[in-house]
Amino acid sequence: MERRCRTAKSQYLNRVTTYMRDHLRENLTLTRIAREAGLSESYLNAVFQECVECAPMDYYINMKMEQACYLLCHTDMHIYQVAQYLGYENQYYFSRAFKKVLGVPPKKYKEVTRIPLLI
């Protein structure tokens, strides 16, 4: 029985993280994610805490910031464009969220990690 629970939780996690990744450009809520997975919000939180050791929304924000890092380093997009691309209506809110996750503002991150494009 315990093995089945692990398998079921793993399947839920795969379904949820795939959904999150497919909807990075949106502003998902815990309610919407849980509904799409067919789970209650509390059960979704419990599965994430047990298996991933963070809350689902923190995981989703981290996924967004991972994508933001890629875009800042590998494209010529401006910070406001990256913010809009990832569903943030306000570039300043995006910058605060970015700094909270990565410890540096997006402008500084872009300056330090910029990979020159080869032509």
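What you are looking at is a predicted structure, and each value in this text was computed from that prediction instead of being measured.
Nearest heavy atom pair, residue E41 against residue L30, reads OE1-CD2, 3.9 Å. Among all heavy-atom pairs drawn from A83 and Q91, the shortest one is CB-CA, 4.0 Å. Nearest heavy-atom pair across F94 and P106 is CE2-CG, 4.0 Å.
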Query raised in the report: Between Y70 and V82, does a side chain to side chain contact (heavy atoms under 4.5 Å, CB included) hold up when you go through it step by step?
Result: CA-CA 10 Å; Y70 178 84; V82 172; over 6 Å; no
Query - M57/I33 under side chain to side chain contact (heavy atoms under 4.5 Å, CB included): CA gap, chis, key distance, verdict - result: CA-CA 9 Å; M57 293 310 296; I33 294 168; 3.8 Å; yes
Requested in this report: Start with the C-alpha gap between R32 and H23, add the side-chain angles, then the distance that decides, and say whether side chain to side chain contact (heavy atoms under 4.5 Å, CB included) holds.
Outcome: CA-CA 11 Å; R32 183 169 166 198; H23 294 85; 4.0 Å; yes
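Of the N and O atoms on the side chains of T29 and T31, not one donor lies less than 3.5 Å from an acceptor on the other residue.
Remark: side-chain polar atoms of K64 are paired, donor with acceptor, to backbone N or O of E26 under 3.5 angstrom. Distance alone, capped at 3.5 Å, is enough to place a donor-acceptor pair between the R25 side chain and the Y85 backbone.
Taking the six-membered ring where the residue is Trp, F98 and Y109 present perpendicular rings, their angle passing 60° and hence far from 30°.
Under the 4.5 Å side-chain heavy-atom criterion for Ile, Leu, Val, Met, Phe, Trp and Tyr, Y92 and M77 are members of distinct hydrophobic clusters. In the hydrophobic cluster analysis, where Ile, Leu, Val, Met, Phe, Trp and Tyr join through side-chain heavy atoms closer than 4.5 angstrom, L102 is grouped apart from Y80.
Counting heavy atoms from C-beta outward, V16 and Y60 have side chains that stay 4.5 Å or more apart.
Here the CE-CG distance, from M63 to D58, works out to 13.0 Å after rounding to the nearest 0.5 Å.
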